[in-house]
Each structure stands twice: as C-alpha cells, then as structure tokens.
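Working notes for the structure below.
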Amino acid sequence: MGTAAEYIEARIPVDPVVAIVLGSGLGGFADCIENPSVIPYEEIPEWPQSTAIGHAGKVVAGVVSGVPVIALAGRVHLYEGYTPQQVVFGLRAMDLLGVESVILTNAAGGINPEFTPGRLALIADHINLTGVNPLTGPNDESLGPRFPDLSEAYSKRYREIAREAAKAMNLDLPEGVYAAVPGPSYETPAEIRYLRTIGADLVGMSTVLETIAAVHMGMTVLAISCVTNFAAGVTPNKLEHEEVLRVGAQAQQTLTELLKRVLPRLTE
Ligand code: HPA
C-alpha cells in the first residue's frame, strides 16, 4: 500500500479529505471533478486491476464543491478471484494519503419491494454473508484495533446529512440493510426470501469488506446503493448485468448531484 500511496501522492496536487468509491455503472461522478488528475490503476504499483465490465479502473483526484476529493472509479470484487485484503487495498492506500471520510457507492438488487429499480438508498447497516473478512490474520496495529466495533459502521451523522441534501432535491432516499454475498451468480429466489427474513433490504457483491476496513482505520463511512433491479424472485424477470449497468447509468446524474451537495457538509 505504501508504494501505491506514495505514487499517487506524487502525482496529485490536492490533499484529498474524502474518497469516493464508484460502483458498477456509476463512474460518471468522476467527470464532475474539477482540475482532475487521472491515474489509471494499471500505472499504480501493486494496485489490483478491476476486470468487471462497467468498472473504469482509475483514480481521479481534484475538487468537488470546494472539497479536495479522490475518486476510485472501479473496484475489485471477491468474485474476480481477489483476496479480501486485495479488495480493501485501495481504501488502505486512501488512509495512508490522509483521507478521513469515505463514500462507498454500489449497484444493488432491491429485496424490500419499496426499493425499486432506479432509486438511490442509504445503507444504514450491513450483513456480511461473503464468508470472509479483510481483518482476518495478524492485526496491523498501525491501522486499527484487533476487534473493531461495527455498531455504527455507517455514520448516523453522514446519513442525516445525506437525507437533508436529498430533501432539498425533492429526492426520496430510503435507508436499508445491505446484505453482501460473494457472487458472481445472482441469488436464487429462495436465497432472496432468506435474505428478506434475516432483515436485508438490498443485496450486492461489494462494499461491506471496504466498510469493515475503513471503520477499522477510523474512517467515517457513508454508503449509497443504486437499486438497479428487483432481486431474484421479487418479479418474474430474469437478472442481467447489462440491465444493472443501464439502470445505474440512468441514476448517475442524481447520484452526482446528491454527492455534490453532501460533500461540503462531511468535512464541517
Ligand atoms: N444481486 C446481487 N448483486 C447485485 C444485484 C443483485 O440483484 N444487482 C446489482 N448487484
């Protein structure tokens, strides 16, 4: 991580305070970054390369709404064969850069029927069903404690800020519980019934490992899902990745507007 962070630091004129991870089909936010410094992932030493379609694979640093930010456009997933530690590599590099707040975005399936395709939703809590944890193994005390508390993994204050920003936009922004699964196959209808029973509103294949690593390092987390489809069995329709990307692309403008309004308030 150290080498990657040094490489990035030497190539960006700003000192970013907020990192934004852009999920499947949601890379468009990077286009609104002013005075952007762009670094493709493949140039950064040790940086895991994303192979998923819809993930651009670049770091973009600059300014949004007066706030120095750094966006990670594209992330790597467990289903690509990466280890949990590789999945959180980018976040750990952000910590070394001095970033204290992180906004995680993702595409998710809606389990709760109120979470309809095209809507944005705040993640209030998560259920980690990936079967793994990025903190497994010897604890690096320089990063954080052995047993980090996750009772407020998704900052209440940040969610309040996001809700207020959404209200000013006349945007409905429900909150829900995100269940993370390893993928890459979508869930079966029986699995979705199970997830609903255990209290999940949304399902996806990312974010929770990053949240765990970020909280471990003392970062404050805001996470926003773009509901791209009804989860399996909620409607008779089949799930397709192209649909996920298409709906994500349609929601990008709203997400960008929301983030522009939220950003200056995160650093108050
Ligand atoms: N399930 C899992 N991950 C997803 C989904 C889904 O329905 N939609 C977008 N990412």
Side-chain angles (χ1 to χ4, degrees), residues 20-29 50-57 72-82 84 87-88 103-132 134 154 173-212 221-255 258:
I20 304 125
V21 179
L22 301 169
S24 300
L26 301 173
F29 171 78
S50 42
T51 63
I53 302 164
H55 284 258
L72 306 185
R75 53 154 67 90
V76 297
H77 304 81
L78 290 172
Y79 62 72
E80 294 172 82
Y82 289 104
V87 167
V88 303
I103 304 177
L104 302 169
T105 68
N106 61 45
I111 298 173
N112 178 336
E114 283 173 36
F115 290 54
T116 50
R119 280 185 98 169
L120 299 178
L122 289 175
I123 299 181
D125 204 346
H126 76 222
I127 303 174
N128 180 10
L129 296 173
T130 63
V132 294
Y154 301 88
L173 191 63
E175 271 201 350
V177 173
Y178 176 95
V181 293
S185 48
Y186 289 116
E187 301 68 43
T188 63
E191 286 167 342
I192 294 300
R193 287 194 297 277
Y194 159 75
L195 293 179
R196 184 182 297 137
T197 304
I198 65 171
D201 300 294
L202 300 153
V203 59
M205 304 172 192
S206 68
T207 306
V208 302
L209 302 188
E210 290 152 291
T211 298
I212 292 169
V221 178
L222 175 69
I224 303 173
S225 283
C226 170
V227 183
T228 52
N229 55 279
F230 286 115
V234 176
T235 67
N237 299 347
K238 289 207 167 167
L239 272 59
E240 287 178 19
H241 185 56
E242 287 67 32
E243 175 78 355
V244 168
L245 295 183
R246 195 178 55 73
V247 177
Q250 284 169 358
Q252 279 196 97
Q253 246 184 331
T254 315
L255 177 66
L258 181 66

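Start at 1 and go down the list; that is how both ligands and their atoms are numbered.
Atom 10 (N) of ligand 1 has Ala107 O, 3.4 Å as its closest protein atom, hydrogens excluded (heavy atom only). What sits closest to atom 4 (C) of ligand 1 on the protein, heavy atoms only, is Val203 O, 3.7 Å. Counting only heavy atoms of the protein, atom 3 (N) of ligand 1 lies nearest to Gly204 CA, 3.4 Å.
Checking side-chain atoms of Arg119 against main-chain N and O of Pro174 turns up no donor-acceptor pair under 3.5 Å. Using a distance-only test at 3.5 Å, with no hydrogens or angles considered, a donor-acceptor pair links the side chain of Tyr178 to the main chain of Ser206.
If you number the atoms of ligand 1 from 1 as listed, the ones under 4.0 Å from a heavy atom of Gly109 come out as 5 (C), 6 (C), 7 (O), 8 (N), 9 (C). Close contacts of ligand 1 with Thr228, meaning ligand atoms under 4.0 Å from a residue heavy atom, involve 8 (N), 9 (C). Heavy-atom contacts of Asn229 reach the following atoms of ligand 1: 5 (C), 6 (C), 7 (O), 8 (N), 9 (C) (cutoff under 4.0 Å).
Once rounded to the nearest 0.5 Å, the distance linking OG1 of Thr105 with CZ of Phe29 reads 9.5 Å. Within the model, atoms CE of Met205 and CZ of Arg75 stand 12.5 Å from one another, a figure rounded to the nearest 0.5 Å.
Contact annotation: for Leu239 versus ligand 1, heavy atoms closer than 4.0 Å belong to the side chain alone. Looking at Ala232 against ligand 1, nothing comes within 4.0 Å, counting heavy atoms.
Within the 4.5 Å cutoff, side-chain heavy atoms of Val234 are placed close to those of Arg196.
On a distance-only criterion, Glu187 and ligand 1 share at least one N/O pair closer than 3.5 Å.
For the side-chain contact (heavy atoms from CB on, under 4.5 Å) criterion with Ile111, the lone passing option out of Leu202, Val177, Ile192 is Ile192.
Aromatic pair His126/Tyr154: centroids less than 6.0 angstrom apart.
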